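The structure presented is a predicted model; accordingly, all values stated were derived computationally and were not measured. In the text below, chain A, chain B and the rest are named by the order of the sequence lines, each starting its count at 1.
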Protein chains: 2
Amino acid sequence: MTSDDPRWLDDGEYRAWRSLLATVALLEAALDRQLQRDAGMPHAYYQVLAMLSEVPGRSLRMSDLAAITQSSQSRVSHAVAKLEAAGWVRRRPARDDRRSTIAELTAEGFAVLESAAPGHVACVRENLFDGLTRQQVDALRGICDAALDRMSGQPGAGPLREAAAAAVRAASSGGATAGGAERLA
Amino acid sequence: MTSDDPRWLDDGEYRAWRSLLATVALLEAALDRQLQRDAGMPHAYYQVLAMLSEVPGRSLRMSDLAAITQSSQSRVSHAVAKLEAAGWVRRRPARDDRRSTIAELTAEGFAVLESAAPGHVACVRENLFDGLTRQQVDALRGICDAALDRMSGQPGAGPLREAAAAAVRAASSGGATAGGAERLA
DNA sequence: GTAGAGTCCTTGAAAGTTGAACATCAATCC
DNA sequence: GGATTGATGTTCAACTTTCAAGGACTCTAC
């Protein structure tokens, strides 16, 4: 239970961990509040729209969408069902593999995303990046990439990073410049 | 929509943001999976138990518990109700203010926490800290603290950092060394 | 004292997530 | 071919979280 037991977190790690937990909790709360208020959707749904918007053809297989958003198939299925009901996404069977379903961003969905993006980005800036130096931004990326490398090797670690990358690659190889390579992060 | 618009994220920020989102998603998934499997509770509930365990008297007012865990009162209320049903937490009215409720960790709750902690800490280590250098751990803390400073000034930003600190201070001023100053993070 | 405003917590319903079935289709292997 | 295994999505039930409402109490200022 003391901090020199290698199994436990030492003081620096413990403080970093607590700060990280607090930061993530407040940040996600702020994002959800802003998006729910201004766009009527939670952050998770916004991410689905954003990911679709960045990909050629503005469409992805459901499972690739799950991989790219680091979420479960079940979650994406529910999310897309809701987004489809709102008219922001359309679902259609895949041509080559009849098990697959393609989710496609509608024009209306893209418009909603475009109108929501500035407020969202402002929220991210205000709550995170505006308080960081350039060095800290770079360090943050390095830290997260290191963690991602670590977690990608895990067994039941869920959707992997490579899977997401592969998904984008696969999608990109199809439509070349079908448009929509924007970044409404 | 281009990256030199000051309202948008530049390339470095965008990559850091995406890495952060992915990291947090995978990390929380891993923590929830581990704790659900080994202790039968989600990470949010574990945090409630852990916070209680670190405080003198192993008890806190509900609102302080909410502040310290960066969550809403409603959330904590539901969580404690569940934990109470499991026999891990007990609720009793506060002496000085009859609006308040004190949540107290039971012996059984502490035992569950003790048995769950090693696995949890191992999970945190494996998925995060073991992949980071000492400099990165320190940088992470600096980054999160900077973000927390920024978010604490926000209007509807929910429970603040100071509030949490004050909660611990308040709790500490009471029971001095009532025991339980462990760190089962 | 007491009216009004603010604090503290709980509750119930709605929204979102999860994990376990399940159904469908593809790929592999005799 | 036909059986087996694996991949892909959806759905159900259980669970967690959020939101809005409300009950109980305290504090302040007349």
Chemist: For B/R91, which contact category applies under a 4.0 Å heavy-atom criterion: base, sugar-phosphate, or nothing?
Modeler: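 Counting heavy atoms under 4.0 Å across all strands, the contact made by B/R91 is with sugar-phosphate only.
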
Chemist: What does A/D97 touch in the nucleic acid at a heavy-atom separation under 4.0 angstrom: a base, only the sugar-phosphate, or nothing?
Modeler: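 Sugar-phosphate, no base atom in range.
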
Chemist: Reckon A/S63 touches a base, only the sugar-phosphate, or nothing at all at heavy-atom distances under 4.0 Å?
Modeler: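 The residue A/S63 makes sugar-phosphate contact but no base contact.
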
Chemist: Specify the residue among A/Y45 and A/R98 whose closest nucleotide of DNA chain C lies further upstream toward the 5′ end.
Modeler: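 Its nearest nucleotide lies further toward 5', so the answer is A/Y45.
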
Chemist: Reckon A/T101 touches a base, only the sugar-phosphate, or nothing at all at heavy-atom distances under 4.0 Å?
Modeler: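 The residue A/T101 makes sugar-phosphate contact but no base contact.
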
Chemist: Within the pair B/R99 and D/dG23, is there a side-chain N or O less than 4.0 Å away from OP1 or OP2?
Modeler: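 No, because none of the side-chain N or O atoms of B/R99 sits under 4.0 Å from OP1 or OP2 of D/dG23.
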
Chemist: Is any side-chain N or O of B/H43 under 3.5 Å from a base N or O of D/dT16, one able to act as donor and the other as acceptor?
Modeler: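 Flag unset: no donor-acceptor pair detected.
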
Chemist: Under 4.0 Å between any heavy atoms, over every strand shown, what does A/A94 touch: base, sugar-phosphate, or nothing? Just pick one.
Modeler: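 Counting heavy atoms under 4.0 Å across all strands, no contact is made by A/A94.
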
Chemist: Is there, by distance only and without an angle test, a donor paired with an acceptor across the side chain of B/S72 and the base of D/dT17 below 3.5 Å?
Modeler: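 Looking at the base of D/dT17, it does not pair with any donor or acceptor on the side chain of B/S72 (distance under 3.5 Å).
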
Chemist: Under 4.0 Å between a side-chain N or O of B/R61 and OP1 or OP2 of C/dC8?
Modeler: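 Yes, such a contact exists.
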
Chemist: What's B/S77 touching, base or sugar-phosphate or nothing? Going by heavy atoms closer than 4.0 Å.
Modeler: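 Counting heavy atoms under 4.0 Å across all strands, the contact made by B/S77 includes a base.
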
Chemist: Here's a test of your reading of the structure: between A/D96 and A/Q36, which maps to the more 5' nucleotide of DNA chain C?
Modeler: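 On the 5' side of the pair lies A/Q36.
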
